[in-house]
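In what follows, a single structure is set out as structure tokens and then discussed.
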Amino acid sequence: MKENRKRLNKYVKVQEDGDRLFLYNMLSGKLYVANGEKKEQISMFIEGENFLDQEFYNTLEKAGVFVNNDFDEIGLCELQYNQMVYSKEALDITIIPTNDCNFKCVYCYENHRKEFMSEDTADSIIKFYRKNARFYKYLIVSWFGGEPLLRLDIIEYIMKQLMDISHKNGVVVRSMITTNGYLLTENAFCRLMKVGVRNYQITVDGLENTHNLQRPHKVKSNSFEVIISNLKEIMENHETGRYEIGIRFNISQEMNESREKILSFYHKNFGGWKQLSFIFEWIRDWGGEIDQNIVTKPEICIEWFISAKERGLRCFELFQNACGMYFCEACKLNGFVIDFDGSIHKCTLAMEDKEYKAINQIGHFDKNGNLNFNENLVKWFKRNQRESCKECVYYPICMGINCPLDTIIKNNFHCIPHKVLLDKYIDTLFMTGKYIDL
């Protein structure tokens with residue numbers, strides 16, 4: 001083997017664990033594990049020693065761990081970036097049927113107003129899709145708010161039409177809703193399922209004391225009790241079915257002190273529910289006026305994830321392991337947010353930002369279903385990034401863009417906060433057998 005002809009892929013994260021060597025390929029999302037002599041051979045090769053068994057080297061090259069010196073990882077990332085950002089195969093839309101909400105969460109950045117989508121606006125969206133459905137292979141519809149279930153009727157009205165049009169044009173539909181769960185009765189769940197909404201994210205912050213403190217209903221005293229009752233009724237009446245529910249915990253320090261008690265409650269009440277998973281998030285400052293004392297750090301999620309796994313609870317991974325996984329609709333040419341009035345935006349966070357909400361609006365629907373873009377659209381695709389990002393092992397995940405609002409519009413650069421979770425994510429992949437033994 002010629003000297004310096006081969007090298008470690010720059011997007012492979014190397015992590016030692018006692019007698020084991022973890023090699024995590026950020027481009028493929030696969031973990032490889034080497035032990036004993038193989039570990040030593042790999043370590044020596046990385047340090048500049050040229051000897052490596054040819055057959056073993058071929059295995060590592062096939063895994064993308066080692067590459068030729070002239071292999072262009074950055075170019076490969078750029079190709080994947082362009083495919084994800086400029087693809088016309090999928091239409092990725094978030095619809096906000098109302099800006100009103102029945103909760104007043106302590107960390108919410110939104111200014112809730114009694115604004116509701118009209119049937120005329122709904123018809124404009126439907127007309128647009130009817131005209132353009134033939135151009136797409138996939139339709140992704142996310143329902144957001146406010147509290148979207150305050151307009152369950154308009155969700156049903158739009159989804160029924162979108163599903164019918166998609167069926168006629170051979171378009172695959174995926175629809176999800178983010179809801180506080182208070183109005184997600186078993187009847188509401190059935191109505192949503194009937195029109196194709198099969199993915200649900202419901203935030204329940206721990207037990208009654210912390211949840212009702214962090215996520216109080218505007219007029220009722222016990223939102224926790226109602227949400228748990230709704231979830232139990234859905235579980236009991238829909239033991240089978242093609243749907244996914246994610247219970248999200250926004251973990252405060254107060255919740256963290258009762259971690260074992262909280263997880264025991266959910267294991268006891270929902271542990272056997274096959275369609276249910278748990279999502280662990282830290283509390284972030286998304287804007288607005290919130291108490292900074294409630295803000296936590298990503299690391300707070302690690303022990304929750306481990307404890308939940310040990311109980312056999314299904315969990316969303318701490319770290320998403322595919323290229324561009326942190327791309328939202330704001331990153332995509334065919335991705336946008338539709339507000340209650342038919343105006344088109346790029347980012348839900350910027351809709352409430354006094355300084356950036358004007359540039360965030362990129363167009364509107366007219367009554368005939370035409371989507372009329374304005375000059376702001378091009379401003380979201382400048383690809384503002386630092387050259388140094390391309391040398392970072394995490395680059396395939398964020399592509400140097402992370403949040404378009406920050407990196408492109410505000411010209412701020414922040415690394416994805418999730419990267420501090422990667423080491424523990426690699427450990428959990430190994431613990432759960434999700435790796436390839438070299």
Side-chain angles (χ1 to χ4, degrees), residues 1 4-81 83-84 277-280 301-302 305-306 308-310 312-327 390-399 416 418-438:
M1 189 178 295
N4 295 326
R5 186 165 173 257
K6 310 288 184 180
R7 60 175 172 80
L8 180 72
N9 186 330
K10 67 175 62 181
Y11 299 136
V12 168
K13 181 171 173 56
V14 181
Q15 185 171 311
E16 282 202 52
D17 180 41
D19 294 334
R20 291 180 290 266
L21 188 69
F22 294 154
L23 301 156
Y24 183 73
N25 189 335
M26 303 290 288
L27 285 166
S28 67
K30 293 181 179 179
L31 174 64
Y32 300 89
V33 179
N35 298 277
E37 184 181 342
K38 289 182 176 179
K39 174 193 171 184
E40 294 304 318
Q41 285 192 47
I42 293 171
S43 298
M44 291 175 65
F45 188 88
I46 292 173
E47 291 169 6
E49 297 289 339
N50 295 320
F51 174 76
L52 195 67
D53 177 78
Q54 185 64 48
E55 185 178 349
F56 184 40
Y57 174 80
N58 291 341
T59 299
L60 292 166
E61 187 175 40
K62 187 176 180 181
V65 173
F66 290 151
V67 294
N68 289 329
N69 264 346
D70 59 357
F71 181 75
D72 187 2
E73 300 101 311
I74 295 172
L76 180 59
C77 282
E78 293 305 295
L79 176 62
Q80 292 176 328
Y81 172 87
Q83 288 173 332
M84 287 183 287
S277 297
F278 291 85
I279 306 166
F280 302 113
C301 301
I302 293 172
F305 181 87
I306 293 172
K309 281 282 191 181
E310 288 174 347
L313 294 173
R314 294 179 66 213
C315 303
F316 279 78
E317 297 291 355
L318 290 173
F319 191 92
Q320 298 299 317
N321 63 331
C323 291
M325 274 303 299
Y326 294 96
F327 279 19
K390 296 176 181 179
E391 301 301 320
C392 174
V393 72
Y394 301 98
Y395 184 68
I397 302 296
C398 70
M399 304 288 188
I416 54 172
H418 303 76
K419 75 178 189 180
V420 299
L421 303 174
L422 181 57
D423 287 358
K424 183 56 64 176
Y425 171 70
I426 290 173
D427 289 340
T428 58
L429 285 179
F430 179 75
M431 286 188 295
T432 54
K434 297 176 181 177
Y435 64 93
I436 300 169
D437 215 348
L438 294 171

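- Summarising the geometry, atom CG belonging to L27 is positioned 11.0 Å from atom OH belonging to Y395; distances are rounded to the nearest 0.5 Å.
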Test side chain to side chain contact (heavy atoms under 4.5 Å, CB included) applied to L76 and F71, step by step | CA-CA 9 Å; L76 180 59; F71 181 75; 4.2 Å; yes
CA sep, side-chain torsions, deciding dist, call: K6, V67, side chain to side chain contact (heavy atoms under 4.5 Å, CB included) = CA-CA 6 Å; K6 310 288 184 180; V67 294; over 6 Å; no
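- The shortest heavy-atom contact between N25 and G64 is ND2-O, 3.6 Å.
- For the atom pair CG (D427) and CG (L31), the distance works out to 9.5 Å, reported to the nearest 0.5 Å.
- With F56 as the aromatic partner, K38 meets the cation-pi criteria of under 6.0 angstrom to the ring centre and within 45 degrees of the ring axis.
- Under the 30°/60° scheme for interplanar angles, the aromatic rings of Y425 and Y24 are found to stand perpendicular.
- Counted within 6.0 Å of CG on D19, heavy atoms from surrounding residues, nucleotides or ligands total 12 or fewer; the atom is thus considered open.
- Nearest heavy-atom pair across K424 and I302 is CG-CG2, 3.3 Å.
- Shortest non-hydrogen contact noted between C392 and Y11 is O-CE2, 3.2 Å.
- Taking CE from M26 and NZ from K419, the interatomic distance works out to 10.0 Å, rounded to the nearest 0.5 Å.
- Rounding to the nearest 0.5 Å gives a distance of 4.0 Å between NZ of K10 and CD1 of I74.
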Full working for side chain to side chain contact (heavy atoms under 4.5 Å, CB included) between M84 and M399 | CA-CA 11 Å; M84 287 183 287; M399 304 288 188; 3.6 Å; yes
Apply side chain to side chain contact (heavy atoms under 4.5 Å, CB included) to V33 and D17, showing your working.
-> CA-CA 10 Å; V33 179; D17 180 41; over 6 Å; no
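- Nearest heavy-atom pair, F316 versus S277, reported as atom, atom and distance to 0.1 Å: CE1-CB, 3.5 Å.
- Considering only heavy atoms from C-beta on, F66 stays 4.5 Å or farther from N9 through its side chain.
- Contact annotation: the side chain of Q41 never approaches that of Y57 to less than 4.5 Å [non-hydrogen atoms, C-beta and beyond].
- In this structure, G18 and K39 approach most closely via the heavy-atom pair O-NZ, 2.8 Å.
- Separating the NZ atom in K30 from the CG atom in L23 is a distance of 14.5 Å, to the nearest 0.5 Å.
- To the nearest 0.5 Å, the span separating CG on L422 from CG on L429 amounts to 9.0 Å.
- Checked against V14 for a side-chain contact (heavy atoms from CB on, under 4.5 Å), the options V393, V65, I46 give a single hit: I46.
- For F430, the ring-ring contact (aromatic ring centres under 6.0 Å, His included) partners at least two apart in sequence or on another chain are F22, Y435.
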